[in-house]
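Below: the structure, in structure tokens.
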Amino acid sequence: MKLIVITRPTYFVEEDKIITALFDEGLDILHLRKVDSIPIYAERLLTLIPEKYRKRIVVHDNFYLKEEYKLKGIHLNSRNPFIPDNYSGSVTTSCHTLEEVKEKKPHCEYVFLSPIFDSISKEGYQAAFTPEQIRTAAKSNIIDKKVIALGGIDESNILQVKDYGFGGAAILGGLWNQFDAGHDYNYSQLLEHFRKLKRLAD
């Protein structure tokens with residue numbers, strides 16, 4: 001099962017080193033999601049990440065970065081719902097209902113479906129599906145290898161995601177909560193936590 005990490009919404013010191021270390025540890029794909037940030041910060045971050053890993057990065061904003069830095073692809077969402085003219089490459093998108101999955105999945109490399117569990121990073125953002133609904137959707141091939149579970153995923157439920165039949169898990173709070181960007185200079189605990197998630201996902 002794929003393991004995808006979504007960046008924290010804000011930039012922080014050492015972020016390039018942590019992202020590079022996560023790729024070194026076997027991270028499949030990183031989604032660069034920095035809402036309402038200045039593009040130059042994204043450019044600076046991408047410049048600091050080794051070129052060999054950039055082809056595993058998907059951008060949520062500033063789609064021109066995909067070509068400029070030879071990234072993996074772009075992610076469509078409510079802020080950026082359209083594929084740019086003359087774009088060629090990987091496209092992914094966010095879904096919040098099973099109907100959306102059915103509609104968008106054929107046109108994408110994969111789609112996120114959320115929230116599967118109560119969110120860790122967004123307070124009050126509750127799971128939108130019962131286990132029965134997810135299992136029924138998997139039996140109907142709505143949920144398959146092209147659908148990535150997002151929302152509230154950590155080491156306590158990642159095996160459940162695999163059991164449901166998702167093609168992968170996207171992690172945000174379940175990883176970044178292991179690291180306080182304001183105070184921590186040692187990110188070994190975050191990397192150890194990632195290794196545990198990776199072992200469970202494999």
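For the single chain, residues carry numbers from 1 onward in sequence order.
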> For Leu3 and Leu197, what are the C-alpha separation, side-chain angles and deciding distance, and is it a side chain to side chain contact (heavy atoms under 4.5 Å, CB included)?
Replying inline: CA-CA 8 Å; Leu3 194 57; Leu197 290 167; 4.1 Å; yes

message: Please tell me whether Val13 and Ile18 are part of a single hydrophobic cluster in this structure, the criterion being side-chain heavy atoms less than 4.5 Å apart.
response: no

Task: Within 6.0 angstrom of Tyr41 OH, more than 12 heavy atoms from elsewhere - done: no

* Return yes if some donor-acceptor pair links the side-chain N/O of Trp176 with the main-chain N/O of Ile171 below 3.5 Å, else return no. => no

Applying ring-ring contact (aromatic ring centres under 6.0 Å, His included) to Tyr87 and not counting sequence neighbours gives none

Backbone N or O of Ala127 within a donor-acceptor pair of the Asp118 side chain at under 3.5 Å? yes

Hey, are Thr93 and His75 close enough side-chain-wise for a donor-acceptor pair under 3.5 Å? no

Stepwise side chain to side chain contact (heavy atoms under 4.5 Å, CB included) check, Val5 with Leu172:
CA-CA 6 Å; Val5 167; Leu172 209 169; over 6 Å; no

| task | Evaluate the side-chain proximity of Leu98 to Leu113: yes if any heavy-atom separation is below 4.5 Å, no if none is. | result | yes

So the salt bridge (Lys or Arg N to Asp or Glu O under 4.0 Å) pairs with at least one residue in residues 48-75 (sequence neighbours excluded) are Asp61-Arg79, Lys72-Glu109

Checklist entry - Where do Asp180 and Phe12 land on the side chain to side chain contact (heavy atoms under 4.5 Å, CB included) test, with the steps shown first? => result CA-CA 10 Å; Asp180 181 345; Phe12 60 93; over 6 Å; no

ask   = Can you check whether Asn62 reaches Val59 side chain to side chain, under 4.5 Å on heavy atoms?
value = no

Checking Lys34 against Tyr11: charged group under 6.0 Å from the ring centre and within 45 degrees of the axis? yes

Checklist line | NZ/NE/NH1/NH2 to OD/OE distance under 4.0 Å, Glu132 and Arg135 | finding: no

- If you measure only the distance, is there a donor-acceptor pair under 3.5 Å linking the side chains of Glu192 and Tyr187? no

Paired with Lys105, the side chain to side chain contact (heavy atoms under 4.5 Å, CB included) test is passed by just one of Ile143, Asn141, Val147, namely Val147

Which of Leu45, Asp24, Leu32 passes side chain to side chain contact (heavy atoms under 4.5 Å, CB included) with Ile19? It is Leu45

Working note: Met1 + Ile158, criterion side chain to side chain contact (heavy atoms under 4.5 Å, CB included); need CA distance, chi angles, decisive distance, verdict. CA-CA 10 Å; Met1 186 173 74; Ile158 194 167; 3.8 Å; yes

- Message: I want to check something: taking the side chain as every heavy atom from C-beta on, are His96 and Ser114 in contact at a cut-off of under 4.5 Å?
- Response: yes

What is the ring orientation for Tyr164 with Phe166, classed by angle as parallel under 30°, tilted 30 to 60°, or perpendicular over 60°?
perpendicular

*Should Glu25 and Arg195 count as an ion pair when the cut-off is N to O under 4.0 Å?*
yes

For this session: Following the transitive rule for hydrophobic clusters with a side-chain heavy-atom cut-off under 4.5 Å over Ile, Leu, Val, Met, Phe, Trp and Tyr, establish whether Leu48 and Val58 coincide in one cluster.
Result: no

With sequence neighbours left out, the residues meeting ring-ring contact (aromatic ring centres under 6.0 Å, His included) with His193 are none

Open item on the list: Can you classify the ring geometry of Phe112 versus His60 as parallel (below 30°), tilted (30 to 60°) or perpendicular (above 60°)?
Closed with: tilted

message = So does Arg33 get a backbone contact from the side chain of Thr7, meaning a donor-acceptor N/O pair under 3.5 Å?
response = yes

Donor-acceptor check, side chain of Asn157 to backbone of Asp154, threshold 3.5 angstrom: yes or no? yes

query: Does Lys196 reach the main-chain N or O of Glu155 with its side chain, forming a donor-acceptor pair under 3.5 Å?
result: no

Query raised in the report: Taking Gln178 for the side chain and Leu175 for the main chain, is one N or O donor matched with an acceptor at less than 3.5 Å?
Result: no

